[in-house]
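Take a look at this one; I'll ask things after.
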Amino acid sequence: MPLQDTHALTFSLTVPPDFRFAPCLDYMARSDNESLFEVRDGGVNRLLLLSGEPVLLRITAEEEQTLTVRVLAGAWKGEAARVEAERYIRDWFDLDRDLEPFYRLAMGHGVLGGLAREFNGLRLVGVPDLFEALCWAIVGQQVNLAFAYTLKRRLTETYGDSLEWEGRIYRHFPRPGQLAAAEPEALGALQLTRMKSAAVLDVARRMSGGALSREGLLALGSFRAAEEQLLQIRGVGPWTSQYVRMRCLRDPEAYPVGDVGLHNAVRLLLGLDRKPTLPELQALFADWPGWEAYAAFYLWRALY
DNA sequence: GTCCAGGAAAAGG
DNA sequence: CCTTTTCATGGA
(Lines give C-alpha, C1' and ligand atoms only; values in the text may rest on other atoms or scores of the structure.)
Protein backbone atom coordinates (compact mmCIF):
# COMPACT_ATOMS: atom_id res chain seq x y z
CA MET A 1 0.00 0.00 0.00
CA PRO A 2 1.50 3.33 -0.97
CA LEU A 3 1.80 5.25 2.24
CA GLN A 4 1.92 8.83 1.17
CA ASP A 5 3.53 11.58 3.13
CA THR A 6 0.56 12.20 5.36
CA HIS A 7 2.29 12.58 8.69
CA ALA A 8 2.34 16.34 8.52
CA LEU A 9 -1.19 16.80 7.22
CA THR A 10 -3.46 18.67 9.59
CA PHE A 11 -6.65 20.62 9.24
CA SER A 12 -9.12 22.21 11.61
CA LEU A 13 -12.87 22.53 12.04
CA THR A 14 -14.71 25.36 13.67
CA VAL A 15 -17.11 24.37 16.42
CA PRO A 16 -20.07 26.18 17.99
CA PRO A 17 -19.55 28.16 21.20
CA ASP A 18 -21.52 25.68 23.31
CA PHE A 19 -19.44 22.73 22.16
CA ARG A 20 -17.00 21.07 24.52
CA PHE A 21 -14.91 18.14 23.45
CA ALA A 22 -14.13 16.76 26.91
CA PRO A 23 -17.63 15.49 27.78
CA CYS A 24 -17.91 13.97 24.31
CA LEU A 25 -14.67 12.09 24.91
CA ASP A 26 -15.90 11.01 28.33
CA TYR A 27 -19.00 9.57 26.72
CA MET A 28 -17.00 7.80 24.04
CA ALA A 29 -14.62 6.34 26.61
CA ARG A 30 -17.44 4.68 28.55
CA SER A 31 -16.52 1.19 27.31
CA ASP A 32 -13.04 -0.29 27.29
CA ASN A 33 -14.30 -2.76 24.72
CA GLU A 34 -14.98 -0.19 22.01
CA SER A 35 -13.57 -1.45 18.72
CA LEU A 36 -14.19 1.43 16.30
CA PHE A 37 -12.20 4.25 17.88
CA GLU A 38 -9.70 4.87 20.63
CA VAL A 39 -9.98 7.67 23.17
CA ARG A 40 -6.50 8.47 24.37
CA ASP A 41 -4.47 11.42 25.62
CA GLY A 42 -7.26 13.95 25.26
CA GLY A 43 -8.23 12.96 21.75
CA VAL A 44 -9.82 10.25 19.69
CA ASN A 45 -8.23 8.15 16.96
CA ARG A 46 -10.44 6.58 14.34
CA LEU A 47 -10.08 4.81 11.04
CA LEU A 48 -12.37 6.25 8.37
CA LEU A 49 -12.91 5.26 4.77
CA LEU A 50 -12.22 8.40 2.74
CA SER A 51 -12.56 8.16 -1.02
CA GLY A 52 -12.68 4.42 -0.42
CA GLU A 53 -9.30 4.33 1.34
CA PRO A 54 -8.72 3.59 5.01
CA VAL A 55 -7.29 6.66 6.69
CA LEU A 56 -6.39 6.96 10.35
CA LEU A 57 -7.33 10.32 11.87
CA ARG A 58 -6.72 11.85 15.27
CA ILE A 59 -9.05 14.53 16.59
CA THR A 60 -8.12 16.86 19.42
CA ALA A 61 -9.29 20.18 20.80
CA GLU A 62 -6.15 22.21 21.24
CA GLU A 63 -7.47 25.66 20.49
CA GLU A 64 -10.61 27.60 21.30
CA GLN A 65 -13.59 27.03 19.00
CA THR A 66 -11.62 24.52 17.00
CA LEU A 67 -11.15 20.82 16.50
CA THR A 68 -7.79 19.79 15.13
CA VAL A 69 -7.68 16.80 12.80
CA ARG A 70 -4.40 15.06 12.05
CA VAL A 71 -3.97 12.48 9.35
CA LEU A 72 -1.84 9.81 11.01
CA ALA A 73 -1.71 7.14 8.34
CA GLY A 74 -3.33 5.76 5.22
CA ALA A 75 -3.73 6.74 1.60
CA TRP A 76 -4.83 10.35 1.64
CA LYS A 77 -6.74 11.42 -1.45
CA GLY A 78 -6.37 15.13 -0.98
CA GLU A 79 -9.18 17.64 -1.01
CA ALA A 80 -11.90 15.09 -1.65
CA ALA A 81 -10.81 13.16 1.43
CA ARG A 82 -10.70 16.31 3.52
CA VAL A 83 -14.26 17.22 2.53
CA GLU A 84 -15.44 13.72 3.38
CA ALA A 85 -13.62 13.71 6.70
CA GLU A 86 -15.00 17.08 7.65
CA ARG A 87 -18.54 16.04 6.76
CA TYR A 88 -18.18 12.89 8.84
CA ILE A 89 -16.77 14.65 11.89
CA ARG A 90 -19.30 17.47 11.80
CA ASP A 91 -22.03 14.85 11.70
CA TRP A 92 -20.40 12.64 14.32
CA PHE A 93 -20.32 15.45 16.89
CA ASP A 94 -23.41 17.28 15.64
CA LEU A 95 -21.35 20.43 15.13
CA ASP A 96 -23.96 22.32 13.11
CA ARG A 97 -26.60 22.45 15.81
CA ASP A 98 -27.17 25.37 18.15
CA LEU A 99 -27.78 23.93 21.63
CA GLU A 100 -28.71 27.25 23.19
CA PRO A 101 -32.48 26.55 23.00
CA PHE A 102 -31.95 23.15 24.60
CA TYR A 103 -29.98 24.58 27.50
CA ARG A 104 -32.55 27.35 27.91
CA LEU A 105 -35.28 24.70 28.21
CA ALA A 106 -33.20 22.61 30.56
CA MET A 107 -32.44 25.53 32.81
CA GLY A 108 -34.97 25.50 35.59
CA HIS A 109 -35.96 21.93 34.88
CA GLY A 110 -35.42 19.81 37.95
CA VAL A 111 -34.02 16.73 36.30
CA LEU A 112 -32.44 17.95 33.12
CA GLY A 113 -31.09 21.16 34.57
CA GLY A 114 -28.59 19.25 36.67
CA LEU A 115 -27.57 17.05 33.77
CA ALA A 116 -27.16 20.05 31.49
CA ARG A 117 -24.72 21.55 33.97
CA GLU A 118 -22.90 18.30 34.68
CA PHE A 119 -22.45 17.43 31.02
CA ASN A 120 -22.37 20.94 29.63
CA GLY A 121 -21.11 21.00 26.07
CA LEU A 122 -21.90 17.35 25.43
CA ARG A 123 -23.20 16.69 21.94
CA LEU A 124 -25.43 13.84 20.86
CA VAL A 125 -22.57 11.73 19.56
CA GLY A 126 -23.90 10.18 16.39
CA VAL A 127 -23.32 7.06 14.32
CA PRO A 128 -23.16 8.59 10.84
CA ASP A 129 -22.80 5.28 9.01
CA LEU A 130 -26.25 3.71 8.55
CA PHE A 131 -24.96 0.15 8.35
CA GLU A 132 -22.95 0.56 11.52
CA ALA A 133 -25.90 2.21 13.26
CA LEU A 134 -28.37 -0.50 12.28
CA CYS A 135 -26.01 -3.32 13.19
CA TRP A 136 -25.11 -1.69 16.50
CA ALA A 137 -28.77 -1.38 17.35
CA ILE A 138 -29.53 -4.95 16.27
CA VAL A 139 -26.71 -6.51 18.25
CA GLY A 140 -27.71 -4.33 21.21
CA GLN A 141 -31.26 -5.62 21.34
CA GLN A 142 -32.08 -7.18 24.70
CA VAL A 143 -28.47 -7.80 25.73
CA ASN A 144 -26.33 -5.91 28.19
CA LEU A 145 -24.04 -3.27 26.76
CA ALA A 146 -20.90 -5.21 27.60
CA PHE A 147 -21.99 -8.09 25.41
CA ALA A 148 -23.19 -5.73 22.68
CA TYR A 149 -19.68 -4.26 22.51
CA THR A 150 -18.25 -7.75 22.28
CA LEU A 151 -20.54 -8.65 19.38
CA LYS A 152 -19.65 -5.44 17.58
CA ARG A 153 -15.97 -6.15 18.10
CA ARG A 154 -16.30 -9.66 16.67
CA LEU A 155 -18.14 -8.43 13.58
CA THR A 156 -15.53 -5.72 13.10
CA GLU A 157 -12.50 -7.95 13.62
CA THR A 158 -13.90 -10.66 11.36
CA TYR A 159 -15.22 -8.64 8.44
CA GLY A 160 -13.94 -5.06 8.63
CA ASP A 161 -10.93 -3.25 7.22
CA SER A 162 -8.00 -2.50 9.48
CA LEU A 163 -4.77 -0.54 9.54
CA GLU A 164 -1.82 -0.88 11.86
CA TRP A 165 -0.06 2.18 13.18
CA GLU A 166 2.56 2.44 15.90
CA GLY A 167 1.90 -1.08 17.06
CA ARG A 168 -1.87 -0.67 17.34
CA ILE A 169 -4.55 -2.01 15.04
CA TYR A 170 -7.33 0.39 14.09
CA ARG A 171 -10.49 -1.02 12.60
CA HIS A 172 -13.43 0.11 10.51
CA PHE A 173 -16.87 -1.40 10.82
CA PRO A 174 -17.55 -3.77 7.90
CA ARG A 175 -19.11 -2.34 4.79
CA PRO A 176 -22.40 -3.97 3.76
CA GLY A 177 -20.72 -5.78 0.89
CA GLN A 178 -18.22 -7.38 3.26
CA LEU A 179 -21.02 -9.00 5.25
CA ALA A 180 -23.62 -9.61 2.56
CA ALA A 181 -22.08 -12.88 1.42
CA ALA A 182 -21.58 -14.28 4.91
CA GLU A 183 -23.48 -17.37 6.04
CA PRO A 184 -25.82 -17.08 9.02
CA GLU A 185 -23.86 -19.90 10.67
CA ALA A 186 -20.70 -17.81 10.48
CA LEU A 187 -22.42 -15.05 12.42
CA GLY A 188 -23.82 -17.61 14.82
CA ALA A 189 -20.24 -18.64 15.55
CA LEU A 190 -19.70 -15.06 16.74
CA GLN A 191 -22.59 -15.63 19.22
CA LEU A 192 -25.21 -13.63 17.35
CA THR A 193 -28.61 -15.24 17.78
CA ARG A 194 -30.44 -16.49 14.74
CA MET A 195 -32.58 -13.41 14.65
CA LYS A 196 -29.66 -11.01 14.99
CA SER A 197 -27.77 -12.89 12.28
CA ALA A 198 -30.70 -12.81 9.89
CA ALA A 199 -31.36 -9.14 10.54
CA VAL A 200 -27.75 -8.09 10.08
CA LEU A 201 -27.49 -10.09 6.85
CA ASP A 202 -30.77 -8.70 5.56
CA VAL A 203 -29.57 -5.16 6.19
CA ALA A 204 -26.20 -5.94 4.57
CA ARG A 205 -27.89 -7.26 1.46
CA ARG A 206 -30.37 -4.41 1.18
CA MET A 207 -27.59 -1.86 1.55
CA SER A 208 -25.07 -3.54 -0.74
CA GLY A 209 -27.81 -3.87 -3.34
CA GLY A 210 -28.67 -0.21 -3.07
CA ALA A 211 -32.23 -0.74 -1.85
CA LEU A 212 -31.42 0.84 1.51
CA SER A 213 -29.22 3.84 2.21
CA ARG A 214 -28.99 6.78 4.54
CA GLU A 215 -29.43 9.20 1.67
CA GLY A 216 -32.44 7.26 0.46
CA LEU A 217 -34.07 7.34 3.88
CA LEU A 218 -33.45 11.06 4.27
CA ALA A 219 -34.74 11.70 0.77
CA LEU A 220 -38.11 10.25 1.74
CA GLY A 221 -38.86 13.64 3.19
CA SER A 222 -40.02 12.64 6.66
CA PHE A 223 -38.48 10.71 9.50
CA ARG A 224 -41.76 8.87 9.88
CA ALA A 225 -41.47 7.56 6.30
CA ALA A 226 -37.88 6.55 6.97
CA GLU A 227 -38.98 4.66 10.07
CA GLU A 228 -41.66 2.82 8.12
CA GLN A 229 -39.04 1.65 5.64
CA LEU A 230 -36.79 0.49 8.47
CA LEU A 231 -39.66 -1.39 10.09
CA GLN A 232 -40.03 -3.48 6.94
CA ILE A 233 -36.81 -5.21 7.90
CA ARG A 234 -37.38 -8.37 9.88
CA GLY A 235 -35.61 -7.95 13.19
CA VAL A 236 -35.98 -4.17 13.18
CA GLY A 237 -38.72 -3.07 15.57
CA PRO A 238 -39.74 0.18 17.24
CA TRP A 239 -36.70 0.46 19.48
CA THR A 240 -34.19 -0.09 16.69
CA SER A 241 -35.89 2.25 14.25
CA GLN A 242 -36.20 4.99 16.86
CA TYR A 243 -32.59 4.49 17.86
CA VAL A 244 -31.44 4.86 14.26
CA ARG A 245 -33.60 7.94 13.79
CA MET A 246 -31.98 9.42 16.87
CA ARG A 247 -28.30 8.59 16.33
CA CYS A 248 -27.92 8.23 12.57
CA LEU A 249 -30.69 10.11 10.80
CA ARG A 250 -30.56 12.78 13.51
CA ASP A 251 -34.26 13.27 13.96
CA PRO A 252 -34.27 15.77 16.85
CA GLU A 253 -37.62 14.46 18.07
CA ALA A 254 -36.68 10.76 18.09
CA TYR A 255 -35.94 8.75 21.20
CA PRO A 256 -36.39 5.06 22.06
CA VAL A 257 -39.38 5.34 24.37
CA GLY A 258 -39.32 1.64 25.27
CA ASP A 259 -35.63 1.58 26.12
CA VAL A 260 -34.74 -0.18 29.37
CA GLY A 261 -31.82 2.12 30.01
CA LEU A 262 -33.96 5.19 29.54
CA HIS A 263 -36.52 3.76 31.95
CA ASN A 264 -33.81 3.14 34.52
CA ALA A 265 -32.46 6.66 34.11
CA VAL A 266 -35.89 8.19 34.58
CA ARG A 267 -36.60 5.96 37.55
CA LEU A 268 -33.32 6.95 39.13
CA LEU A 269 -33.61 10.67 38.45
CA LEU A 270 -37.26 10.92 39.50
CA GLY A 271 -36.71 8.70 42.52
CA LEU A 272 -39.35 6.20 41.47
CA ASP A 273 -39.40 2.72 42.95
CA ARG A 274 -40.62 1.25 39.64
CA LYS A 275 -40.24 1.80 35.92
CA PRO A 276 -41.99 4.89 34.59
CA THR A 277 -45.20 4.29 32.69
CA LEU A 278 -45.64 5.28 29.07
CA PRO A 279 -47.83 8.28 29.97
CA GLU A 280 -45.25 9.41 32.50
CA LEU A 281 -42.51 9.22 29.86
CA GLN A 282 -44.62 11.06 27.33
CA ALA A 283 -45.41 13.76 29.85
CA LEU A 284 -41.72 14.09 30.71
CA PHE A 285 -40.64 14.45 27.10
CA ALA A 286 -43.44 16.85 26.32
CA ASP A 287 -41.29 19.43 28.12
CA TRP A 288 -38.67 19.35 25.35
CA PRO A 289 -40.45 19.76 22.03
CA GLY A 290 -37.92 19.39 19.24
CA TRP A 291 -35.23 18.35 21.71
CA GLU A 292 -36.45 14.89 22.66
CA ALA A 293 -33.34 13.22 21.24
CA TYR A 294 -31.04 15.43 23.27
CA ALA A 295 -33.13 15.02 26.39
CA ALA A 296 -32.98 11.25 26.03
CA PHE A 297 -29.24 11.31 25.35
CA TYR A 298 -28.56 13.38 28.46
CA LEU A 299 -30.85 11.19 30.57
CA TRP A 300 -29.08 8.13 29.23
CA ARG A 301 -25.76 9.72 29.99
CA ALA A 302 -26.68 9.94 33.65
CA LEU A 303 -26.42 6.16 33.91
CA TYR A 304 -22.84 5.72 32.75
C1' DG B 1 -28.59 -20.98 39.78
C1' DT B 2 -31.11 -16.46 39.18
C1' DC B 3 -32.18 -12.22 37.19
C1' DC B 4 -31.57 -9.01 33.83
C1' DA B 5 -30.19 -6.57 29.64
C1' DG B 6 -30.03 0.34 25.47
C1' DG B 7 -36.23 -6.10 21.98
C1' DA B 8 -38.75 -8.47 18.37
C1' DA B 9 -41.66 -12.08 16.62
C1' DA B 10 -45.10 -15.25 17.39
C1' DA B 11 -48.96 -16.74 19.80
C1' DG B 12 -53.09 -15.88 22.27
C1' DG B 13 -57.32 -13.49 23.23
C1' DC C 1 -56.33 -4.93 17.31
C1' DC C 2 -54.13 -5.31 21.95
C1' DT C 3 -51.79 -8.33 25.38
C1' DT C 4 -48.89 -12.20 26.68
C1' DT C 5 -45.43 -15.57 25.78
C1' DT C 6 -41.42 -17.22 23.63
C1' DC C 7 -36.81 -16.83 21.86
C1' DA C 8 -31.90 -16.30 22.91
C1' DT C 9 -27.34 -15.31 25.06
C1' DG C 10 -23.82 -13.55 28.10
C1' DG C 11 -22.91 -10.50 32.18
C1' DA C 12 -23.31 -9.66 37.12
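Within every chain, numbering begins at 1; the chains are lettered A, B, ... in the order of the sequence lines, protein sequences first and strands thereafter.
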*asked:* Taking the ring of A/Phe297 and the ring of A/Tyr27, is the distance between their centroids below 6.0 Å?
replied: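 For A/Tyr27 and A/Phe297, the ring centres are under 6.0 Å apart.
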*asked:* Between P on B/dA5 and NZ on A/Lys152, what's the gap in Å once rounded to a whole number?
replied: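 Rounded to the whole Å, the gap is 21 Å.
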*Centre of A/Trp92's six-membered ring, under 6.0 Å away, within 45 degrees of the axis: is that where NZ or CZ of A/Arg46 sits?*
yes
*Figure out the CE/P separation between A/Met246 and B/dG7, and round it to whole Å.*
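From A/Met246 CE to B/dG7 P: 13 Å.
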*Scan A/Asn45, A/Thr10, A/Asp41 and name whichever one has a side chain to side chain donor-acceptor pair (under 3.5 Å) with A/Arg58.*
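Among A/Asn45, A/Thr10, A/Asp41, the one meeting side chain to side chain donor-acceptor pair (under 3.5 Å) with A/Arg58 is A/Asn45.
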*Quick one: is B/dC4 close enough that its OP1 or OP2 comes under 4.0 Å of any side-chain N or O from A/Asn264?*
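Answer is no, no contact under 4.0 Å.
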*In whole Å, what is the span from the CG atom of A/Leu151 to the C1' atom of B/dA5?*
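Computing the A/Leu151:CG to B/dA5:C1' distance gives 12 Å.
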*Residue whose nearest DNA chain B nucleotide is more 5′ - A/Leu231 or A/Leu145*: A/Leu145
_Taking donor-acceptor contacts at under 3.5 Å, does the side chain of A/Gln142 reach the base of B/dA5?_
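Indeed there is one.
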*When the distance from NZ of A/Lys196 to P of C/dT9 is rounded to whole Å, what number comes out?*
10 Å
*Ring-ring centroid check A/Phe285 A/Trp291, cutoff 6.0 Å*: no
*Any donor-acceptor N/O pair, A/Gln242 side chain to A/Thr240 backbone, under 3.5 Å*: no
*Interatomic distance where CZ belongs to A/Phe147 and C1' belongs to B/dC3 [whole Å]*: 17 Å
*Separation of B/dG7 C1' from A/Arg234 CZ (nearest whole Å)*: 14 Å
_Using whole Å, what does the distance between atom C1' of nucleotide C/dT3 and atom CG of A/Leu278 come to?_
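Taking atom C1' of C/dT3 as the reference, CG of A/Leu278 is at 15 Å.
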*Quick one: on DNA chain C, does A/Met195 or A/Thr150 contact a more 5' nucleotide (nearest heavy atom)?*
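Between the two, 5'-proximity favours A/Met195.
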*Would you mind telling me which of B/dA8, C/dT9, C/dA12 lies closest to the side-chain atoms of A/Trp239?*
B/dA8
_If I take atom CG in residue A/Asp202 and atom P in nucleotide B/dA9, what distance separates them, rounded to the nearest angstrom?_
11 Å
*Would you say A/Gln191 reaches C/dG10's phosphate, i.e. side-chain N/O to OP1/OP2 under 4.0 Å?*
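So the side-chain polar atoms of A/Gln191 do come within 4.0 Å of the phosphate oxygens OP1 or OP2 of C/dG10, strictly under.
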*Output yes when at least one side-chain N/O atom of A/Thr240 is less than 4.0 Å from OP1 or OP2 of B/dA8, else no.*
yes
_So A/Val143, base contact, sugar-phosphate only, or nothing? Heavy-atom distance under 4.0 Å._
base
